[in-house]
Visitor: 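Here you go, one structure.
The structure displayed is predicted, hence computed values, not measured ones.
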Amino acid sequence: MRKLLVFLVCCTLCAEMLAQSPCDSVQERFGRWETRIGQLTNDDPELVALHYLFLQDILKAMQQFQERELPTMTRCATMDYYQIRAAYQRVRYMAEQKNLILKEHRDHVEDIFYQKAVEELRYQAVGQCHYYLDRALQYAPFHADALLLKARLQLDEGRFEEAVKTIHIIYTKSTLTDLQEQQVSDFTLELYERMYNRGQELIQQGLAAEALETFQTLEHFCNNMPSGYCNDDYYRGILVSREGVYESYISIAKAAEQRHNYEMAKKFYGYAEEYKKQLEP
């Protein structure tokens, strides 16, 4: 008998909760939606795509509420139907406006990453700048502004070969505006001049092998870039640096002889002879 009484009480409470739930909880539900919408970010590119999907779930739930539950609110005894509808429309408008922003940012998330890279560079945070550039290029591999900034960083860091590869991507893959074409053209000239000057500095310092690598990169650059940036100077630089490599082998061999390390001397004289044969026409 007692179990039956408990069962009947529970059934009565459940029935009352079900009867009251739509009307009594509607404002709380609107509040939850409003809070969740306000927490969705539209300026963090790491989260934009995810938060856009979250918002689609909220919009779906709101649409279901509008179709299935809102019409029944006319029977609410303690709440005015038109006030409920106005509250719903306010939250729905808020969600739709956030949806427009998130969709726009989701479709151009690479631009947000690029802008963050520029901002990090302004504060000399080069590591973070590289990170955001790489993220931008994950979304848009041929993003001209991101590639150009990446090439500038590579040049400043002395990574000439990587800079050449990056600028080559811009010329062959990216779609450029008139302003971007001018910026890329100016940078290409700067890249050539800095590589050539660096090669000459290395020769003057007696670092012929390093100079040779720089001039070989410059040769690759000239063979793969639009004409107008290269002249015969870099060929003379390659010739000088190659002669320098030969002389470096001889110098190392002679130094080994003076230290009675004849095995080492023999090895480097052999390197010199092999290299000299490579230079012969």
Side-chain angles (χ1 to χ4, degrees), residues 117 120-121 124-131 133-134 137 141 146-173 184 186-281:
E120 293 296 336
L121 187 60
Q124 304 299 313
V126 179
Q128 279 297 104
C129 179
H130 274 298
Y131 169 77
L133 284 178
D134 289 341
L137 293 171
L147 286 169
L148 182 57
L149 181 54
K150 189 175 187 69
R152 288 188 183 281
L153 293 176
Q154 291 167 336
L155 178 58
D156 290 341
E157 295 164 0
R159 295 185 288 145
F160 299 126
E161 188 171 352
E162 293 179 40
V164 168
K165 291 179 180 178
T166 301
I167 204 71
H168 183 64
I169 293 173
I170 297 177
Y171 275 112
T172 57
K173 302 291 186 180
V184 172
D186 293 342
F187 174 78
T188 305
L189 180 58
E190 179 185 357
L191 177 59
Y192 168 80
E193 291 178 345
R194 287 179 61 176
M195 277 196 293
Y196 178 75
N197 291 336
R198 179 57 178 163
Q200 292 298 321
E201 290 172 4
L202 290 170
I203 290 174
Q204 293 171 6
Q205 295 169 11
L207 302 173
E210 291 87 341
L212 176 59
E213 291 181 5
T214 300
F215 282 114
Q216 285 175 334
T217 301
L218 186 59
E219 184 176 28
H220 172 72
F221 165 84
C222 290
N223 290 336
N224 290 278
M225 293 297 120
S227 60
Y229 299 101
C230 301
N231 52 45
D232 291 339
D233 290 343
Y234 80 92
Y235 286 115
R236 292 198 295 272
I238 291 173
L239 179 61
V240 172
S241 63
R242 282 178 174 168
E243 292 294 338
V245 171
Y246 173 80
E247 293 170 359
S248 296
Y249 286 152
I250 296 297
S251 297
I252 294 171
K254 289 181 177 179
E257 279 183 328
Q258 292 174 358
R259 291 171 173 78
H260 307 291
N261 189 342
Y262 300 113
E263 186 65 28
M264 182 67 71
K266 179 181 178 181
K267 181 181 296 184
F268 275 89
Y269 277 130
Y271 290 160
E273 287 302 315
E274 290 177 7
Y275 202 85
K276 188 175 182 180
K277 290 179 182 179
Q278 295 176 13
L279 298 178
E280 295 175 353

Visitor: Rounded to the nearest 0.5 Å, what separation is found between the OG1 atom of Thr172 and the NE2 atom of His168?
Guide: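 The NE2 atom of His168 is 4.5 Å from OG1 of Thr172, to the nearest 0.5 Å.
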
Visitor: Would you please say whether a donor-acceptor pair under 3.5 Å links the side chains of His130 and Glu157?
Guide: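 His130 vs Glu157: donor-acceptor pair found between side chains.
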
Visitor: Before accepting this row, confirm whether a basic side-chain N of the pair Lys254/Glu257 lies closer than 4.0 Å to the acidic partner's carboxylate O.
Guide: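 No.
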
Visitor: If you draw a 6.0 Å radius around CD in Gln205, do more than 12 non-hydrogen atoms from other residues or ligands fall strictly inside?
Guide: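 Enclosed: over 12 neighbouring heavy atoms sit under 6.0 Å from CD of Gln205.
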
Visitor: Start with the C-alpha distance between Gln154 and Lys150, add both sets of side-chain angles, then the distance that settles side-chain contact (heavy atoms from CB on, under 4.5 Å), and finish with yes or no.
Guide: CA-CA 6 Å; Gln154 291 167 336; Lys150 189 175 187 69; 3.8 Å; yes

Visitor: Are Phe221 and Phe160 near enough that their ring centres are under 6.0 Å apart?
Guide: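 Distance test on ring centres: not under 6.0 Å, no.
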
Visitor: Kindly compute the distance separating CG (Leu147) from NZ (Lys165), expressed to the nearest 0.5 Å.
Guide: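 One finds 14.5 Å between CG of Leu147 and NZ of Lys165.
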
Visitor: Would you compute the distance between atom CZ of Arg194 and atom CZ of Phe187 and round it to the nearest 0.5 angstrom?
Guide: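 So the gap between those two atoms works out to 8.0 Å.
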
Visitor: Kindly indicate whether the side chain of Thr166, heavy atoms from C-beta on, has any atom under 4.5 Å from the side chain of Leu148.
Guide: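 No, every pair of side-chain atoms sits at 4.5 Å or beyond.
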
Visitor: Does the pair Phe215 and Gln200 meet the rule for a side-chain contact (heavy atoms from CB on, under 4.5 Å), with working shown?
Guide: CA-CA 9 Å; Phe215 282 114; Gln200 292 298 321; 3.4 Å; yes

Visitor: Might you point out which heavy atoms bring Cys129 and Ala117 nearest each other, and give the distance in Å?
Guide: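 Between these two residues, the closest heavy atoms are SG-O, 3.3 Å.
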
Visitor: Do Leu153 and Leu121 come within less than 4.5 Å of each other through their side chains, counting heavy atoms only?
Guide: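 Heavy-atom side-chain distance check passes, below 4.5 Å.
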
Visitor: Using a cut-off of 6.0 Å, state whether more than 12 heavy atoms not belonging to Glu219 lie near its atom CD.
Guide: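 Yes - once you tally the heavy atoms of other residues, nucleotides and ligands closer than 6.0 Å, there are more than 12.
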
Visitor: Work out which heavy atom in Ala163 is nearest to a heavy atom in Leu191; give both atom names and the distance.
Guide: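 Residues Ala163 and Leu191, closest heavy atoms: CB-CD1, 4.1 Å.
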
Visitor: Do Tyr171 and Thr188 have side-chain N/O donor and acceptor atoms under 3.5 Å apart?
Guide: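 Present: a donor and an acceptor within the cut-off.
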
Visitor: Which heavy-atom pair separates Phe268 from Ala253 by the least distance, and what is that distance?
Guide: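 Minimum heavy-atom contact is CB-CB, 3.9 Å.
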
Visitor: What distance separates Arg198 CZ from Ile203 CD1, expressed to the nearest 0.5 Å?
Guide: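 Those atoms lie 11.5 Å apart.
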
Visitor: Can Glu273 and Tyr269 be counted as having a side-chain donor-acceptor contact under 3.5 angstrom?
Guide: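 Result is no, nothing qualifies.
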
Visitor: Using the ring of each side chain (for Trp, its six-membered ring), is His260 parallel, tilted or perpendicular to Tyr262, with breaks at 30° and 60°?
Guide: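 Plane angle over 60°, so perpendicular.
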
Visitor: To the nearest 0.5 Å, what is the distance between OG1 (Thr217) and CD (Glu161)?
Guide: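 Going from the OG1 atom of Thr217 to the CD atom of Glu161 covers 5.0 Å.
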
Visitor: When you compare the side chain of Glu162 with that of Leu155, does any pair of heavy atoms fall below 4.5 Å?
Guide: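 Not touching, per the 4.5 Å side-chain cut-off.
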
Visitor: Rounded to the nearest 0.5 Å, what's the gap from CD on Glu247 to OG on Ser241? Could you check?
Guide: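 It is 11.0 Å, given to the nearest 0.5 Å.
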
